[in-house]
There are 2 protein chains.
Amino acid sequence: MNISAASKAAGLPVKTVRYYADIGLVSAPSRSDTGYRTYDDASVRKLIFIRRSRAFGFTIEECRELLDLYQDQDRTSAEVKRIASKRLEELEEKQRELKSLHDELAHLVKTCRGDHRPDCPIIDYLG
Amino acid sequence: MNISAASKAAGLPVKTVRYYADIGLVSAPSRSDTGYRTYDDASVRKLIFIRRSRAFGFTIEECRELLDLYQDQDRTSAEVKRIASKRLEELEEKQRELKSLHDELAHLVKTCRGDHRPDCPIIDYLG
DNA sequence: CTTGACCTTCCAGTTGCTGGAAAGACTAAA
DNA sequence: TTTAGTCTTTCCAGCAACTGGAAGGTCAAG
């Protein structure tokens, strides 16, 4: 499999696939005689794993840990759960932040008349 | 006012205050004989305005527009409202994304035993 | 044989700062 | 007056996680 086939199979841009090997997140793929990267199904599975992990917002470093655990038959689910719980808490914190920002901005937008005149509660609040 | 006094008054790091002038978000401050930046109350008010705008997640470019409107006596509140509404929609979109990620991850974390054994629904889901 | 799609490497840019080095300026105490 | 300590300056590099583009080699179809 050349890189574009692997990228399609993994659902990641070609550039990103190369990037993940550059930073050592996945091991360097083997090369054809002419230097083309060649991928097998196992590599694609790892790329998919990373894509899904990234979708949850895990950092590259966390993806590295998760990938290690994925490939470790002696892993404990406790370790996986620890990493996931940490991310879950971050998501909850982010949700709280977002909600408070949202509610405040929504209130301002609602009270702004949005007409041709200059007076505006949004500007007043910011200034 | 030297830069550190202005930074304290505005609630922004010194580096950030310099940065905002570097990128032309605020105008370059006047300088003392020895080259120290000097700030007045009006500059500080603009910095505070930017800090609050940034807190809502407005990009630097949006802050630029908002600041222009702030300083424009002939602005229309419609223009302000348009920018704020756009941000509000983004916040709502982000909230939806976060909620769906959260719910999915929360479910996985809940169903993971988190013990010494390797089997784990989180890893299963990612892989 | 040519065309066009693919592949390579390398370098730069994105966003919004932040850190650090080297050097000059100011202030207060000894 | 010296000295120490705290400003301040500029400039350059780095963060995260890619993404874009240039210059050039490769491959398959017609």
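Throughout, protein chains are lettered first and strands after them, A, B, ... in sequence-line order, and every chain is numbered starting at 1.
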(request) Using only heavy-atom distances, decide whether a donor-acceptor pair under 3.5 angstrom links the side-chain of Lys15(B) to the base of dG16(C). (result)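 There is none.
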
(request) Answer with base, sugar-phosphate or nothing: what part of the nucleic acid does Ser32(B) contact at a heavy-atom distance below 4.0 Å? (result)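 Here Ser32(B) touches no strand at all.
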
(request) Considering non-hydrogen atoms only, spot the tightest contact between Ser77(B) and Arg113(A) and give its length. (result)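 Taking Ser77(B) first and Arg113(A) second, the nearest heavy atoms are OG-C, 4.3 Å.
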
Interatomic distance where [atom1] belongs to [X] and [atom2] belongs to [N] [whole Å]:
X: Lys8(A); N: dA5(C); atom1: NZ; atom2: C1'; value: 10 Å
X: Tyr19(B); N: dC15(D); atom1: OH; atom2: C1'; value: 13 Å
X: Arg31(B); N: dC26(C); atom1: CZ; atom2: P; value: 14 Å
X: Arg64(B); N: dT15(C); atom1: CZ; atom2: P; value: 11 Å
X: Asp22(B); N: dT10(D); atom1: CG; atom2: P; value: 8 Å
X: Ile60(B); N: dG16(C); atom1: CD1; atom2: P; value: 5 Å
X: Ile3(A); N: dG25(D); atom1: CD1; atom2: C1'; value: 16 Å
X: Asn2(B); N: dT6(D); atom1: CG; atom2: C1'; value: 12 Å

(message) Between Pro13(A) and Asp33(A), which residue's closest nucleotide on DNA chain D lies nearer the 5′ terminus?
(response) Pro13(A)

Taking only N and O in the side chain of [X], is any of them less than 4.0 Å away from OP1 or OP2 of [N]?
X: Thr34(B); N: dT8(D); result: no
X: Ser4(B); N: dT8(D); result: yes
X: Arg37(B); N: dT10(D); result: yes
X: Arg54(A); N: dC18(D); result: yes
X: Arg51(B); N: dG16(C); result: no
X: Thr16(B); N: dT18(C); result: yes

(request) Would you kindly compare Tyr20(B) and Tyr36(B) by the position of their nearest DNA chain C nucleotide and give the one closer to the 5′ end? (result)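 Whichever sits nearer the 5' end wins; that is Tyr20(B).
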
(request) Answer yes or no: is there an ion pair linking Glu97(A) with Lys94(A), defined by an N-O contact shorter than 4.0 Å? (result) yes

(message) Salt bridge check, Glu65(B) against Arg82(B): does any charged N sit closer than 4.0 Å to a carboxylate O?
(response) yes

(request) Kindly indicate whether the side chain of Tyr19(B), heavy atoms from C-beta on, has any atom under 4.5 Å from the side chain of Leu25(B). (result)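 No, side chains not in contact.
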
(request) Take the angle between the ring planes of Tyr70(B) and Phe49(B) and call it parallel below 30°, perpendicular above 60°, tilted in between. (result) parallel

